[in-house]
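Here's the structure, in structure tokens; my notes come after.
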Amino acid sequence: MTRRLLAAGVTAVLMAGLGACGGGGGGTEADGTVGTTGSTGTTGAAKEAQPSPDTVFGLRDTVRHLSRKTVADTRAHLVRKCTTTTERVRHTSRSGTGTHRTTRVWYTAEHHQSCTKVRQGTEKYRRVVRPERWCVRLDDVNGHTSQDAVWYRVTRETYDQVLAADEHTRVEFTPAGTGC
């Protein structure tokens, strides 16, 4: 019962943290390509776009790189423990017919090994709290002037190309997801 309450609490805190980050976490994994043309636009109220697996375009607003975040943690150290068993197996062989039929019996030993992972203390490791992300914020998404300040997660290559483009330049790419 206590573990269930603890798991529910951790889930609630995690969902609240991800919701505060500004992303729905939806979208699809895809590689992005970027094209730029020179035009300027306006800014407006922040609004979240619907997740889209298709190519999006808009005016480059800003970019954000979130580095990978890790924490030191401990976990159970598992080792492989094997046990060997020996089984005595009976073999028979029959030959002849009628009253001359003979049966020969012999025994062999077969060895079997069964292995399981058992806990033996704890070990320290680095747990990833947040994976590395590259994000781009667009204004006038897909030509809609009311869709401003929309964040998209992109690949490293797309991020580098958008970063090289001037601010308020038209860019086009396939997002890896929405939000940042």
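Quick caveat, the model's predicted, so the values are computed rather than measured.
- When all heavy atoms of Arg64 and Cys180 are compared, the closest pair comes out as CD-SG, 3.9 Å.
- Follow the hydrophobic side-chain contacts under 4.5 Å out from Val118 and you never reach Leu78; the two are in separate clusters.
- Within the 4.5 Å cutoff, no side-chain heavy atoms of Thr122 are placed close to those of His77.
- Using a distance-only test at 3.5 Å, with no hydrogens or angles considered, a donor-acceptor pair links the side chain of Asp148 to the main chain of Asp140.
- Looking at Trp151 and Thr62, their side chains come closer than 4.5 Å, going by heavy atoms from C-beta outward.
- Separation of atoms CG (Leu138) and CD (Gln147) is listed at 10.5 Å; rounding is to 0.5 Å.
- Heavy-atom minimum distance, Cys82 versus Gln113: CB-NE2, 3.5 Å.
- The backbone N or O of Val162 sits less than 3.5 Å from a side-chain atom of Arg60, completing a donor-acceptor pair.
- Here the CZ-OG distance, from Arg104 to Ser95, works out to 9.5 Å after rounding to the nearest 0.5 Å.
- Between the OG1 atom of Thr155 and the CD atom of Gln161 there is a distance of 8.0 Å, given to the nearest 0.5 Å.
- Residue Val56 comes nearest to Pro175 through the heavy atom pair CG2-CD, 4.0 Å, listed as atom of the first residue, atom of the second, then distance.
- By the 4.5 Å heavy-atom criterion applied to side chains, Arg90 and Val105 are counted as neighbours.
- To the nearest 0.5 Å, the span separating CZ on Phe173 from CZ on Phe57 amounts to 11.5 Å.
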Practice item. Kindly indicate, with the supporting measurements, whether the criterion side chain to side chain donor-acceptor pair (under 3.5 Å) is fulfilled by Thr83 and Ser114. Key: CA-CA 6 Å; Thr83 57; Ser114 61; 3.1 Å; yes
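- In terms of heavy atoms, Arg153 sits closest to Cys135 at CG-SG, 4.0 Å.
- Residue pairs that meet the ring pair (Phe, Tyr, Trp, His ring centres under 6.0 Å) test with at least one member in residues 83-127, sequence neighbours left out, are His91-Trp106.
- Shown here for Ala109 and Thr86, the closest heavy-atom pair between the two residues is CB-CG2, 3.8 Å.
- Counting non-hydrogen atoms of neighbouring residues, nucleotides and ligands closer than 6.0 angstrom, the CZ atom of Arg156 reaches no more than 12 such neighbours.
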For residues 65-76, which side-chain donor-acceptor pairs fall under 3.5 Å, sequence neighbours excluded?
residue : atom : partner : partner atom : Å
His65   : NE2  : Glu132  : OE2          : 2.8
His65   : NE2  : Trp134  : NE1          : 3.4
Thr70   : OG1  : Arg126  : NE           : 3.4
Thr70   : OG1  : Arg126  : NH2          : 3.0
Asp73   : OD2  : Arg127  : NE           : 2.8
Arg75   : NE   : Glu123  : OE2          : 2.9

